[in-house]
Amino acid sequence: MISELYDSLDGQVVLLAGADGGVGAAVADELLGRGATLYVGSADGTVFSGGIPLALDLTDSESIGAAVGRVVGDRGRLDVLVLLPAVSDRRDWSLLEASIDTVDAGIARTFRGPLLLVRAALPYLLEHDGGRVVTVSAEDTTSAHPADAAVQVSTAAFDAFASYLDATFAPRLIANNATPGRARADGGHCGRGDPTESSAETVGTLARLRPGSDGGLDWSDCRAVGN
């Protein structure tokens, strides 16, 4: 259930990780529009107007620790962590044929790095009841294709973060997963008619959940679709 939503994210600090590309831009715009103090973490220096750029290389544990340390050092708190799926080079990455180094690099991008970031951020998210983690599923990870199967296997672990965190830390932490926008029966998406914008609006909803709200759920088009 949703107990209530914060009217805005004014005064709240949000770390957005993996913000490169269209979904990242839409999510950043949504969070900034809700009044968040937004740190945008990326390895390539991605900058969104109104966001605070933050060097964050999810393949480097020192970079992860430094990024979280800077946010908390600047603001003294962290209220929301939003994890976007890593952009992965899918070429020459077969679980059975690629070199182990290639497989390790892919898993580092899609699972190991986000795991280390969650671990670094958790002490600060748990300092007060109602810290939030929002994971955003990679697009179309349910229908396997030979070229994408390795990516789908590794992102399955990423997509399990929310349910694991809910089982472990609820009710102090509210963790949910946003899936790509799915068209409703009327052909629309929540509020905007575009799946990318719908995913961003779903993230904006989950980022504003007040203490007492349910976690461990998958959300699409701004509503829970199951666990």
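Only this structure's heavy atoms are used, side chains among them; waters, hydrogens and symmetry mates stay out. These numbers come from a predicted model, not from an experiment.
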request  = Please report the closest heavy-atom contact between Leu165 and Ala175, naming both atoms and the distance.
outcome  = CB-CB, 3.8 Å
Asp57 side chain vs Glu62 backbone, donor-acceptor pair below 3.5 Å = no
query = Within a reach of under 6.0 Å around CG of Asp10, are more than 12 heavy atoms found that belong to other residues, nucleotides or ligands?
reply = yes
Separation of Ile174 CD1 from Asp166 CG (nearest 0.5 Å) = 9.5 Å
inquiry  = Within this structure, what is the CG-OG distance for the pair Asn177 and Ser163, rounded to the nearest 0.5 Å?
reply    = 8.5 Å
ask   = Checking side chain to side chain contact (heavy atoms under 4.5 Å, CB included) for the pair Val13/Val80: CA distance, chi angles, key distance, verdict?
value = CA-CA 6 Å; Val13 179; Val80 185; over 6 Å; no
ask   = Looking only at heavy atoms, which two atoms of Leu117 and Leu83 are closest? And how far apart?
value = CD2-CD2, 3.6 Å
task = Quick one: pull up OG1 in Thr196 and CD in Glu201 and give me the separation to the nearest 0.5 Å.
result = 13.0 Å
key: From CZ (Arg77) to NE2 (His128), nearest 0.5 Å   = 5.0 Å
ask   = Will you find, in the side chains of Ser99 and Asp101, an N or O donor that is under 3.5 Å from an N or O acceptor?
value = no
key: side chain to side chain contact (heavy atoms under 4.5 Å, CB included) partner of Val71, the single match among Leu54, Val14, Leu81   = Leu54
query = If you look at every heavy atom in Leu32 and Gly50, which pair is closest and at what distance?
reply = CD2-O, 3.4 Å
query = Ignoring hydrogens and geometry, is there a side-chain-to-backbone donor-acceptor pair from Arg75 to Gly73 under 3.5 Å?
reply = no
ask   = Around atom CZ of Arg112, are there more than 12 heavy atoms of other residues, nucleotides or ligands at under 6.0 Å?
value = no
inquiry  = Tell me if a side-chain donor or acceptor on Arg132 pairs with a main-chain N or O of Ala207 at a distance below 3.5 Å.
reply    = yes
request  = Indicate the atoms forming the closest heavy-atom contact of Pro123 with Arg119, along with that distance.
outcome  = CD-O, 3.4 Å
message = We want to know whether Ser198 and Asp221 form a side-chain donor-acceptor pair, criterion being a heavy-atom distance below 3.5 angstrom.
response = yes
ask   = Tell me, do Thr37 and Ile52 make a side-chain contact under 4.5 Å, heavy atoms counted?
value = yes
task = Report yes or no: does Asp218 contribute a side-chain atom to a donor-acceptor pair with the main-chain N or O of Val225 at less than 3.5 Å?
result = no
ask   = Yes or no on side chain to side chain contact (heavy atoms under 4.5 Å, CB included) for Val118 and Leu122, after CA distance, side-chain angles and deciding distance?
value = CA-CA 6 Å; Val118 169; Leu122 267 174; 4.1 Å; yes
task = Rounded to the nearest 0.5 Å, what's the gap from CG on Leu209 to CG on Asn176? Could you check?
result = 6.0 Å
note = Scanning both residues in full, the closest heavy-atom pair of Gly41 with Leu15 reads N-CD1, 4.4 Å
ask   = Passes side chain to side chain contact (heavy atoms under 4.5 Å, CB included), Trp219 versus Thr205? Steps please.
value = CA-CA 10 Å; Trp219 288 63; Thr205 298; 4.2 Å; yes
query = Any donor-acceptor pair under 3.5 Å linking the side chain of Arg34 with the backbone of Glu30?
reply = no
Any side-chain donor near an acceptor of the partner, Asp79 and Tyr124, under 3.5 Å = no
remark   = Between Leu56 and Ala67 the two heavy atoms that sit nearest each other are CD1-CB, 3.7 Å
query = CG of Leu78 to CG of Leu125: how many Å apart, nearest 0.5 Å?
reply = 4.5 Å
ask   = Side chain of Asp129, backbone of Pro211: donor and acceptor closer than 3.5 Å?
value = no
task = State plainly whether one hydrophobic cluster holds both Tyr6 and Leu16, where clusters connect Ile, Leu, Val, Met, Phe, Trp and Tyr through side-chain heavy atoms under 4.5 angstrom apart.
result = no
task = Ignoring hydrogens and angles, tell me if any N or O in the side chain of Ser137 forms a donor-acceptor pair with the backbone of Thr179 under 3.5 Å.
result = no
message = Donor-acceptor check, side chain of Thr202 to backbone of Cys222, threshold 3.5 angstrom: yes or no?
response = yes
